There are 2 protein chains.
Amino acid sequence: MERRDEILHVAGHLFSQRGYHATSMRELARHLNLQGGSLYAHIASKEELLLEVVRQAAARFLGVLEALPPGDPVARLRALVRGHLGVIAQELPRATVFFHEWKHLSPPLLEEAKALRRRYEEGVQAVIQEGVEKGVFRVENVRLATLFVLSALNWTYQWYRPEGALSLEELSEMYAGLLLRALGVQEGGQDGAA
Amino acid sequence: MERRDEILHVAGHLFSQRGYHATSMRELARHLNLQGGSLYAHIASKEELLLEVVRQAAARFLGVLEALPPGDPVARLRALVRGHLGVIAQELPRATVFFHEWKHLSPPLLEEAKALRRRYEEGVQAVIQEGVEKGVFRVENVRLATLFVLSALNWTYQWYRPEGALSLEELSEMYAGLLLRALGVQEGGQDGAA
DNA sequence: CCTACCGATCGGTAGG
DNA sequence: CCTACCGATCGGTAGG
């Protein structure tokens with residue numbers, strides 16, 4: 001079971017770097033000092049490997065939703081931004097697979113991946129919906145606002161690198177500030193973005 | 001030369017739907033009622049095809065930057081949003097390749113793709129920088145604000161479908177409204193997002 | 001633009 | 001976990 005985890009770990013790296021189809025099972029095996037065929041003592045298929053990586057990433061992102069503090073929509077959105085960026089900082093390969101490579105799954109497994117992604121999106125939508133209902137966020141179209149927030153968050157895996165100039169904390173602060181302003185929150189206290 | 005354009009067109013569709021590596025030359029040929037080998041009468045390699053599609057998409061996006069009205073940063077940003085979403089609406093397959101599949105190019109060609117993408121990003125950054133210098137946009141970190149705007153714009157190709165509920169005009173209005181608020185613009189006149 | 005072909009590599013399996 | 005192998009398919013070329 002431990003060896004299987006190693007395989008999943010390396011698969012996540014390779015799938016995120018080169019893409020699912022550009023990664024061969026023999027290449028994966030080489031990174032693990034195995035022969036190509038030996039992988040199949042631990043896994044059933046290449047596609048199963050992809051789904052497992054997607055599941056692991058989904059667990060992290062869904063974990064962010066569960067850890068949100070109750071109450072204040074502003075605090076919840078800040079925690080969401082911090083959590084999302086935190087997963088990317090800690091799990092960039094898996095996060096990349098979650099955002100992209102899942103598309104290469106075929107119908108039976110594809111549905112599960114879509115469902116996991118949908119759950120995350122619904123969680124984000126709930127945070128925004130709640131803020132609107134409490135009169136804290138002011139947007140004319142909750143669905144569009146959700147897609148906007150998800151867009152801003154999801155694309156970060158393309159450019160954010162934790163070893164770069166901005167620390168996770170700094171970035172999260174500023175990013176949340178920008179999003180809160182977009183959601184119509186008056187700058188309170190910290191003056192997050194201006 | 002006309003046949004080559006057909007090939008590029010179909011290649012853009014297939015690369016965007018299945019991904020570059022998951023698309024075989026024989027599959028591409030089949031969509032054009034050709035034999036696999038016949039493609040090479042018109043093109044040099046599969047990779048050349050990918051680069052060409054990236055170039056075509058880049059031309060559209062860079063065209064948006066050139067068509068921006070001079071002057072008012074708010075009008076410029078609105079035109080940028082409208083233009084970007086317009087390219088996605090009209091050229092979804094090519095846009096998708098521009099945002100994703102370019103990564104599968106190898107070093108010599110990869111550099112050109114990166115340069116094209118960089119040019120677009122710099123154009124967006126210039127719009128924001130200008131708005132900040134004119135005192136219209138208020139952000140503490142221009143680079144981060146640019147990445148934020150690019151993230152919100154770039155990810156739209158994942159979910160925006162022109163045949164959906166929101167017209168291009170409605171979406172562009174609301175999206176620009178959200179972005180302008182994020183950039184610290186006081187709701188002027190139209191009250192774009194609230 | 002076709003036929004016929006090249007060597008290489010693919011995911012996966014049998015049998016140990 | 002290895003050796004040895006399977007049929008299928010890959011991108012690309014020769015020669016017409």
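Here is how names work: the chains are called A, B, and so on, in the same order as the sequence lines, proteins then strands, and each is numbered from 1. If you're wondering where the values come from, they're calculated on a predicted model, not measured in any experiment.
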Fill in: Those residues that, when tested against A:Glu169, pass side-chain hydrogen bond (donor to acceptor under 3.5 Å, both in side chains) (two or more places apart)
A:Arg82
Fill in: For B:Glu133, side-chain contact (heavy atoms from CB on, under 4.5 Å) partners two or more places apart
B:Gln129
Worksheet item: For residues 61-77 of chain A, which residue pairs qualify under side-chain hydrogen bond (donor to acceptor under 3.5 Å, both in side chains), counting only residues two or more places apart or in two chains?
Response: A:Arg76-A:Glu130
Worksheet entry | Test ring pair (Phe, Tyr, Trp, His ring centres under 6.0 Å) applied to A:His9 - qualifying residues, sequence neighbours left out | A:His13
Worksheet item: Under 3.5 Å, is there a donor-acceptor pair between the side chain of A:Tyr20 and the main chain of A:Val97?
Response: no
Fill in: Of all pairs that satisfy ring pair (Phe, Tyr, Trp, His ring centres under 6.0 Å), the ones with a partner from residues 124-144 of chain B, not counting sequence neighbours
none
Between N or O atoms, less than 3.5 Å apart, protein on one side and nucleotides 1-8 of chain C on the other: list the pairs.
{"residue": "C:dC1", "atom": "OP1", "partner": "B:Arg3", "partner atom": "NH1", "Å": "3.4"}
{"residue": "C:dC1", "atom": "OP2", "partner": "B:His42", "partner atom": "NE2", "Å": "3.3"}
{"residue": "C:dC2", "atom": "OP2", "partner": "B:Gln35", "partner atom": "N", "Å": "3.0"}
{"residue": "C:dC2", "atom": "OP2", "partner": "B:Ser38", "partner atom": "OG", "Å": "2.6"}

Discussion item. I want to check one thing: is the phosphate of D:dT13, taken as OP1 and OP2, less than 4.0 Å away from some side-chain N or O of B:Tyr40?
Written reply: no
Worksheet item: Whole Å only: how far is the CD atom of B:Glu48 from the P atom of D:dG11?
Response: 15 Å
Response to the item:
A correct dot-bracket answer for DNA chain D, with pairs being Watson-Crick or G-U at under 3.5 Å, [ ] for crossing pairs and | for inter-strand pairs, is ||||||||||||||||
Worksheet item: Within this structure, what is the CG-to-P distance between A:Leu28 and C:dT9, rounded to whole angstrom?
Response: 17 Å
Worksheet item: Among pairs that include at least one residue of residues 116-125 of chain A, which meet side-chain hydrogen bond (donor to acceptor under 3.5 Å, both in side chains), considering only residues two or more places apart or in two chains?
Response: A:His84-A:Tyr120, A:Gln125-A:Arg143
Response to the item:
Sequence neighbours excluded, the answer for side-chain hydrogen bond (donor to acceptor under 3.5 Å, both in side chains) partners of B:Gln56 is B:Arg94
